[in-house]
Amino acid sequence: VPIERMRNFCVIAHIDHGKSTLSDRLLELTGTIQPGGSHQVLDKLDVERERGITVKAQTCTMLYNHKGEDYLLHLVDTPGHVDFRAEVSRSYASCNGALLVVDASQGVQAQTVANFYLAFAQGLSMIPVINKVDLQHAEPERVTEQLLGTFELEDPVMVSAKTGLNVAAVLPAVIERVPAPQGSVDKPLKMLLIDSWYSTYKGVVLLVRVFDGVVKQGDHIMSMGSKLKYIVGELGIQYPTEMATSCLRAGQVGYMYFNPGMKTISDAKLGDTFCHLGKEKEVEPFRGFEEPQSMVFVGAFPTNQDEFQKLEDSINQLTLNDRSITIAKESSHALGLGWRLGFLGTLHCSVFEDRLRQEFGGSELLITAPTVPFKIIWRETVRDRKGEEVPKETIITNPALYPEDDVIRTKVQEIQEPYVLATITIPADPPEFLGHVIELCQENRGNQVELTFFSTQVILKYKLPLLQLVDNFFGKLKGITKGYATLDYEDAGYLKSDVVKLELLVNKEPVDAIAQLCHRSSAERLGRMWVQRFKSFVDRQLFEIVIQAAIGKRVLARETVQAFRKDVTAKLYGGDHTRRKKLLEKQKAGKKKLRAIGNVIIDQKAFQGFLARD
Ligand code: GDP
Ligand code: MG
């Protein structure tokens, strides 16, 4: 198939608007998969099927005959959620057009807006598809108006991906409205690395988009980023699983692996350009992709310290194909050895948490409350690249590394926290929704940027601290809008903040892993919640246990766990240090699930209960 008859396009949509279902229908229609049943072929990860969301972009090549000519179509199903924006914009790099799928009963939602602008910025030709027209409360005319009004998009294709109604009109629209890829098979090979994953049988597999030239098995090629040289072992297309072909030509997207294989997956730098060995001078490499930044962090600890290795294996296994997760060892006095994990956003974090619990096994895992990076601007200055004096900055992703009070007082200029620009859509009716949402945003230190009424919808834009978002903001938003609100956000940089470190103390000893950086205005409420919650999980002991929440030396909240009723044993052993030590050692040798905070022995179950998010 010549390049004029290739089309590379992606499907973008708000979650649940029918992206995966439509992709399935298109694969059936082209005979790529057998019709019938619910496939969600492109959702390969278990978590994607379980949660019904797409996390990793998935691709598939289709052959399609249009007006007597064969076309090679390449479809990319992209994640709808903002956390995976890097993934999404990477996959756009292989496309020239996009199907913008909108649910006929819901209209434009937060992620429709976000994905539209992302795709628009990358110059993709957009074809609006109004899906679910079979629904009784579908309002295709209103959504058509909305698409025109919001995005100036005309001529939507009306379909029902579920019943198959009019799905046949989609691919002709792609052929007519999406431009063919540019490029020439006669030019030297220029190939972009879009994605990579690890396969047990083949090792590191690459997903590439060939821009110019032709690449074949046995070709000697070179990474223009790392300068490493490789020999192409096998290449082909996803159809929908890997199918070897003799070559990949300009315009095509396909997989390949090397022989001998790439040593580690980190050699596969997404956004890297490959060329034929010896042709480096003739090829202008691509600029590469921006490295996504981790914005949400948690600590993960095995309840039983003997299982640290097992936890490490599970984490390594899961991060093999998701290198946007940052990992570092962490040691906590209260929870022992564990890991500090960094994620792109809150959904990314919770999806991983689910997978880790599955992989590692049930309840044997402690995960600390999510936090965000804080920026410390020191009074001290350093020289930047141009040699000019600028304030020294440190990013802190672990409350344990937060400077002591006196250091803050004497050496720190200011502390900043990350903000996001959030887009929220809600129905205009009932009108109370708007009031509730504004209230919620204000409670969460939000600043309104925009408020637009759009026929039956309201679109709000707020600048919000990311820290507020990780505290189940979306859950609360859904709660006050009967599930109708949608949320999307983008990075809005760091802003000055009044940050304090809140600590939980057990008989005056801080429990390090529970400490949290928070805004001064929420410290007291959080502190009171902490002490009550922790108390409910701590067993009575032979002496009184005082639980406090404090900022530095200032105690904000306090609860007491009463001692057992005084009896002979308590009198005899209550304060006996050696006996308590013996008890602790005995239990340590046994289940190893007890921890000592000062003189208090605490069952790991208490931490587990305390840290469980409900
Ligand atoms: P995605 O999150 O955009 O990939 O959405 P899915 O393809 O997973 O679809 C979300 C839900 O909507 C699923 O329960 C589908 O069965 C349903 N759905 C998809 N297309 C249609 C349609 O045309 N009509 C109806 N009634 N339901 C649909
Ligand atoms: Mg999906």
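Please read these numbers as outputs of a predicted model, since none were measured by experiment. Both ligands and their constituent atoms are indexed starting at 1 by order of listing.
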Nearest non-hydrogen contact with [atom] belongs to which option: [options]?
atom                    : options               : value
atom 2 (O) of ligand 1  : D16, L22, I12         : D16
atom 21 (C) of ligand 1 : K132, K19, Q136, Q111 : K132
atom 15 (C) of ligand 1 : D103, T21, T163       : T21

Q: Examine Y64 together with Y71 and report whether their ring centres are nearer than 6.0 Å.
A: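 Ring centres of Y71 and Y64 not closer than 6.0 Å.
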Please could you name the atoms of ligand 1 that [X] approaches to less than 4.0 Å, counting only its heavy atoms?
X    : result
D134 : 22 (C), 23 (O), 24 (N), 25 (C), 26 (N)
S20  : 1 (P), 4 (O), 7 (O)
S160 : 22 (C), 23 (O), 24 (N)

Q: For ligand 1, note which part of L135 has a heavy atom under 4.0 Å away: side chain, backbone, both or neither.
A: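 Within the 4.0 Å criterion, L135 contacts ligand 1 through side-chain atoms alone.
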Q) What part of A161, side chain from CB on, backbone N/CA/C/O, both or neither, has a heavy atom under 4.0 Å from ligand 1? A)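 The part of A161 near ligand 1 is both the backbone and the side chain.
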Q. Considering residues at least two apart in sequence or located in another chain, which fulfil the salt bridge (Lys or Arg N to Asp or Glu O under 4.0 Å) criterion with E152?
A. none
**Q.** Matching residue for T486 among T423, T425, T481 - test: side-chain hydrogen bond (donor to acceptor under 3.5 Å, both in side chains)
**A.**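 That would be T425; it is the only one of T423, T425, T481 passing the side-chain hydrogen bond (donor to acceptor under 3.5 Å, both in side chains) with T486.
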Q: Measure from NZ or CZ of R209 to the centre of the six-membered ring of F211, then state whether that distance is under 6.0 Å and the direction lies within 45° of the axis.
A: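 Cation-pi check for R209 and F211: passes.
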Q: State whether a side-chain donor-acceptor pair under 3.5 Å links N131 with D103.
A: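 Side chains of N131 and D103: no pair found under 3.5 Å.
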Q) Is there a donor-acceptor contact under 3.5 Å linking the side chains of E242 and Y255? A) no
